[in-house]
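A short worksheet on the structure shown next.
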Number of protein chains: 2
Amino acid sequence: MRTTTPSFVEAHGQGAARARVLRPSTKVLPEHARGHNRSLVLQTLYRAAHQSRADIARQTGLTRVTLSDLVAELITEHLIVETGQREDARPGKPATLLDLNRTAFHIVGVDLSGEAFRGALLDLDGAILERAEQPRDGDVGADATAKVVALIESLVARATLPILGVGVGSPGIVDLDGTVLSAPNLGWTNEPLRAQLADRFGLAVVVTNDANAAVLAEHSFGAADGDMMLVTVGHGVGSGLLLGGSPLYGSRFAAGEIGHVVVGTDGGAECACGKRGCLETWLATPRLSAALAAAPTAHARDGVLREAGQRLGIALAPIVGALNLAEVVLSGPVELLDGALTDSVAETVRARTMDVFHGGLTLRMTTLGDDIVMRGAAVTVLSGVLGVS
Amino acid sequence: MRTTTPSFVEAHGQGAARARVLRPSTKVLPEHARGHNRSLVLQTLYRAAHQSRADIARQTGLTRVTLSDLVAELITEHLIVETGQREDARPGKPATLLDLNRTAFHIVGVDLSGEAFRGALLDLDGAILERAEQPRDGDVGADATAKVVALIESLVARATLPILGVGVGSPGIVDLDGTVLSAPNLGWTNEPLRAQLADRFGLAVVVTNDANAAVLAEHSFGAADGDMMLVTVGHGVGSGLLLGGSPLYGSRFAAGEIGHVVVGTDGGAECACGKRGCLETWLATPRLSAALAAAPTAHARDGVLREAGQRLGIALAPIVGALNLAEVVLSGPVELLDGALTDSVAETVRARTMDVFHGGLTLRMTTLGDDIVMRGAAVTVLSGVLGVS
DNA sequence: GATGTTTGTTAGTGAACCTTACGAAAGGGT
DNA sequence: ACCCTTTCGTAAGGTTCACTAACAAACATC
């Protein structure tokens with residue numbers, strides 16, 4: 001057993017650097033607790049409708065008294081309504097059931113990731129009520145912004161109920177304030193989209209990265225749990241990560257940008273970014289479709305798809321291992337992704353990682369189709385209004 | 001512009017699945033807020049010593065009144081002491097300075113990741129005061145646990161101050177309760193180490209994965225910020241991830257397990273796990289040392305190191321891209337890692353990812369040497385006692 | 001009809017933070 | 001020397017929030 005002398009300690013300069021154990025945090029007041037508990041009530045009702053005050057109290061651990069108080073507050077704000085009495089025959093006073101005021105608000109969800117801007121009016125459950133589309137016609141910069149405004153305008157005009165908020169899923173890099181730091185396709189640099197839209201419409205607006213919106217949709221409406229990666233394959237390849245139930249943004253808000261990661265050690269086609277063998281050169285739909293068209297036989301087409309899946313699997317394996325992901329979901333054209341490609345991804349990832357507990361990884365297509373980003377954008381509004389944190 | 005009919009909605013089953021927007025959370029009481037604010041005070045003082053009540057109040061946003069109250073409470077618990085008056089010449093009543101009671105407690109930090117179990121007595125700043133070592137002699141299971149107890153016993157006996165807590169960094173998979181779910185080298189399966197040690201010593205005990213402890217140490221004592229990956233190279237290869245200032249555990253507490261991820265598309269040596277080309281087959285120190293010994297010239301040795309670095313870079317690239325990491329730190333034998341290998345990792349990762357903002361990635365060796373796990377274990381105790389929430 | 005159960009509300013208590021106000025202790029100006 | 005200003009820490013009292021205790025209402029069961 002050795003003993004360090006003071007000089008050893010000094011030599012390592014341990015006294016100099018002061019530890020930063022905790023992340024810089026802010027004060028918490030009782031009113032913040034109130035807000036949290038408010039969200040808790042809304043959350044509970046959101047997941048299971050038609051519960052009584054006593055039910056919610058039991059679930060949340062709050063007292064019936066406190067809960068009554070919270071509910072009264074939420075009723076005056078028209079976020080909650082009483083929906084009648086419970087009818088089953090039990091002893092005791094019959095319960096008055098509550099529910100979110102689901103038919104009292106609309107949400108506007110917008111998806112800027114495609115060739116045309118798409119939007120929809122949704123209800124609080126995330127069901128799509130009305131759709132709208134705005135061809136972009138190659139517009140960039142301020143013109144593109146104007147098209148977004150026009151799209152939202154048309155949806156707002158069609159709403160028959162108060163609008164809870166506007167959610168936007170944008171490609172590119174978006175910071176926490178909803179400023180699009182960089183979106184090459186749309187010609188945006190430091191575009192303060194959220195602030196502009198909020199000013200223009202006087203509504204709550206949330207702007208997020210499209211893949212992050214998608215991963216939230218999958219979490220909310222799909223069967224996915226809180227740790228998941230959603231890979232979007234389209235004109236480009238991107239991804240959104242959900243860790244512990246909340247999206248990962250990354251140190252420069254660019255988390256999920258895997259399209260230009262080089263995959264494999266055997267070269268590959270040249271990419272628009274200048275490198276060789278980027279994930280996109282194998283998977284982006286234009287290249288993939290071209291390769292499929294060039295394949296002479298069904299067998300050859302299968303080979304193309306399996307190769308693409310293998311490449312994605314090679315890129316995903318280190319991520320799945322490092323993050324101990326239990327679930328990866330693919331989103332994109334079903335006719336390309338579903339089947340051989342998905343199977344191949346799963347096989348490749350399983351072959352290249354160690355399942356700590358066997359049967360660890362689930363890999364599947366999303367069930368939400370093309371609406372995933374719009375519906376995810378709506379979820380961001382719900383989260384914002386219901387209050388996360 | 002299309003409009004969805006109700007049947008479309010039904011067809012997609014949107015009404016059926018209820019969104020789970022928010023992660024299941026628990027109620028928050030005023031007393032929890034109090035705890036949070038207590039931590040905030042300790043945190044503020046931990047980062048910069050010798051501040052007055054008024055200073056802390058300004059920093060945290062709490063009022064001087066509230067702060068006086070919190071400080072009084074912390075002083076009665078001997079966690080904070082008054083250290084005299086401020087001496088600079090200013091108008092107004094001179095400030096009475098406060099500091100953490102840095103000389104009033106010891107922390108026990110233990111590292112189980114090496115051939116021998118190592119431990120130390122540390123002060124609140126993380127400086128090592130006394131060391132102890134306990135050869136494992138190949139013991140596994142209960143015998144290994146007994147060795148851990150003996151090691152801690154010897155350190156506790158040597159402490160001249162009350163012990164704030166015991167931190168343990170263990171290899172393998174450790175859950176949030178400090179149960180070692182699986183540590184093949186130590187022959188542990190579902191070993192409730194934290195509970196056992198807490199029972200035995202009547203002290204606060206924190207048990208974490210060794211790489212997670214290391215990444216906390218690097219964050220606390222090194223220059224690393226809140227988004228970082230720390231790769232440990234030794235008998236095996238592992239990693240710890242810090243995202244937004246807090247460690248990532250993964251869906252099955254196995255985050256960071258990258259040693260058995262297959263890297264590259266060109267085969268590789270056979271691994272103990274049965275696969276070919278695992279990261280460990282290129283990087284684990286026994287293999288690396290053997291390869292170096294077999295290399296005839298300095299030039300060949302350089303090649304071996306560069307090859308190893310390249311392999312690590314290939315595995316890291318997708319992770320760095322997906323998580324948008326700004327910093328990767330290596331920990332392990334300096335004579336192997338520092339130099340050609342580290343350079344090669346950096347080059348490879350940069351060449352295989354897209355730096356969204358140029359100069360994005362910092363890649364370097366840790367400056368904490370062999371003590372990194374022990375000191376990280378001490379940080380877990382500080383976090384636990386100061387209260388992370 | 002008496003008893004027990006469940007629901008939701010009223011009344012009162014304690015915790016935690018706030019605002020307002022004040023004494024203490026210094027510097028600076030006349 | 002005196003007064004004014006600044007800064008620090010503490011008191012006193014108010015507000016918010018959730019809790020406990022108690023109760024009325026409404027139902028089932030015996």
Side-chain angles (χ1 to χ4, degrees), chain A residues 25-42 44-45 50-77 80-99 387 389, chain B residues 25-42 44-45 50-77 80-99 387 389:
Chain A
S25 183
T26 52
K27 62 174 174 179
V28 169
L29 306 181
E31 68 206 66
H32 296 131
R34 178 78 165 187
H36 182 98
N37 289 336
R38 258 179 62 113
S39 301
L40 196 57
V41 172
L42 291 170
T44 309
L45 269 179
H50 303 294
Q51 299 188 79
S52 72
R53 292 169 173 84
D55 292 335
I56 302 175
R58 276 186 292 266
Q59 273 191 54
T60 58
L62 293 163
T63 5
R64 290 201 307 274
V65 180
T66 303
L67 216 118
S68 258
D69 195 45
L70 284 165
V71 165
E73 186 180 304
L74 291 167
I75 285 180
T76 65
E77 296 173 32
I80 280 186
V81 285
E82 296 191 339
T83 62
Q85 295 206 334
R86 181 170 282 150
E87 286 170 3
D88 54 351
R90 287 194 304 176
K93 176 178 172 180
T96 40
L97 297 175
L98 303 167
D99 193 11
S389 92
Chain B
S25 182
T26 51
K27 62 175 174 177
V28 170
L29 306 183
E31 66 205 69
H32 296 133
R34 177 77 165 187
H36 183 100
N37 289 336
R38 260 179 61 114
S39 300
L40 195 56
V41 172
L42 291 171
T44 308
L45 270 180
H50 302 293
Q51 300 188 79
S52 72
R53 291 169 174 84
D55 293 334
I56 303 175
R58 275 186 293 266
Q59 273 191 53
T60 57
L62 294 162
T63 40
R64 290 202 305 273
V65 180
T66 303
L67 215 117
S68 258
D69 195 46
L70 283 166
V71 165
E73 186 180 304
L74 291 168
I75 285 181
T76 66
E77 295 174 33
I80 281 186
V81 284
E82 296 191 339
T83 62
Q85 294 208 335
R86 181 171 282 147
E87 288 172 1
D88 55 350
R90 285 194 306 178
K93 176 180 172 180
T96 45
L97 297 175
L98 302 168
D99 193 10
S389 88

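Each chain gets a letter, A, B and so on, in the order the sequences are listed, and its residues count up from 1. Values reported hereafter were calculated over all heavy atoms of this structure, with side chains retained and with hydrogens, waters and symmetry mates removed. The shown structure was predicted, so the numbers you read here are calculated from the model rather than taken from an experiment.
At least one side-chain heavy atom of A/Val71 sits less than 4.5 Å from a side-chain heavy atom of A/Leu98.
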Open item on the list: Working note: A/Asp55 + A/Arg86, criterion salt bridge (charged side-chain N to carboxylate O under 4.0 Å, His left out); need CA distance, chi angles, decisive distance, verdict.
Closed with: CA-CA 12 Å; A/Asp55 292 335; A/Arg86 181 170 282 150; 2.6 Å; yes

- [ ] Dump the intermediate steps for side chain to side chain contact (heavy atoms under 4.5 Å, CB included) on B/Leu42 and B/Ile80, then the final yes or no.
- [x] CA-CA 8 Å; B/Leu42 291 171; B/Ile80 281 186; 4.2 Å; yes

TODO: Applying side chain to side chain contact (heavy atoms under 4.5 Å, CB included), run through B/Gln59 and B/Gln51 and close with a yes or a no.
DONE: CA-CA 10 Å; B/Gln59 273 191 53; B/Gln51 300 188 79; 2.5 Å; yes

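Straight-line distance from the NE2 atom of B/His32 to the P atom of D/dC19: 10 Å, rounded to whole Å. Taking atom CD of A/Glu87 as the reference point, atom P of D/dA26 lies 17 Å away to the nearest angstrom. Taking atom CG on A/Leu29 and atom P on C/dA15, their separation rounds to 19 Å, with Å as the unit. Rounded to whole Å, the distance from CG on A/Leu62 to P on C/dG8 is 15 Å. Between A/Glu73 atom CD and D/dC17 atom P the separation is 7 Å, expressed in whole Å. Atom CD in A/Glu31 sits about 15 Å away from atom C1' in C/dA15, given to the nearest Å. Put simply, CG on A/Leu67 is 16 Å from C1' on D/dT20, counting in whole angstrom units. A/Leu70 has its CG atom 15 Å from the P atom of D/dT16, to the nearest Å.
For the atom pair CD1 (B/Ile56) and CG (B/Leu45), the distance works out to 4.0 Å, reported to the nearest 0.5 Å. Here the straight-line distance linking atom NZ of A/Lys27 with atom CG of B/Leu67 works out to 11.0 Å at 0.5 Å rounding.
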TODO: For nucleotides 8-15 of chain D, just jot down a letter per nucleotide in 5' to 3' order: B, S or -, based on protein non-hydrogen atoms under 4.0 Å.
DONE: BBBBB---

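Under 4.0 angstrom from either OP1 or OP2 of C/dC17 there lies at least one side-chain N or O belonging to B/Arg34. Residue B/Asn37 has a polar side-chain atom (N or O) positioned under 4.0 Å from OP1 or OP2 of C/dC17. Residue B/Lys27 has no polar side-chain atom (N or O) positioned under 4.0 Å from OP1 or OP2 of D/dC17. Phosphate contact (OP1/OP2 of D/dC19, side-chain N/O of A/Thr63, threshold under 4.0 Å): present.
Among the nucleotides C/dA16, D/dA28, D/dT6, the one closest to the side chain of B/Pro91 is D/dT6.
With respect to the salt-bridge test (charged N to carboxylate O, under 4.0 angstrom), the residues B/Arg53 and B/Glu82 qualify.
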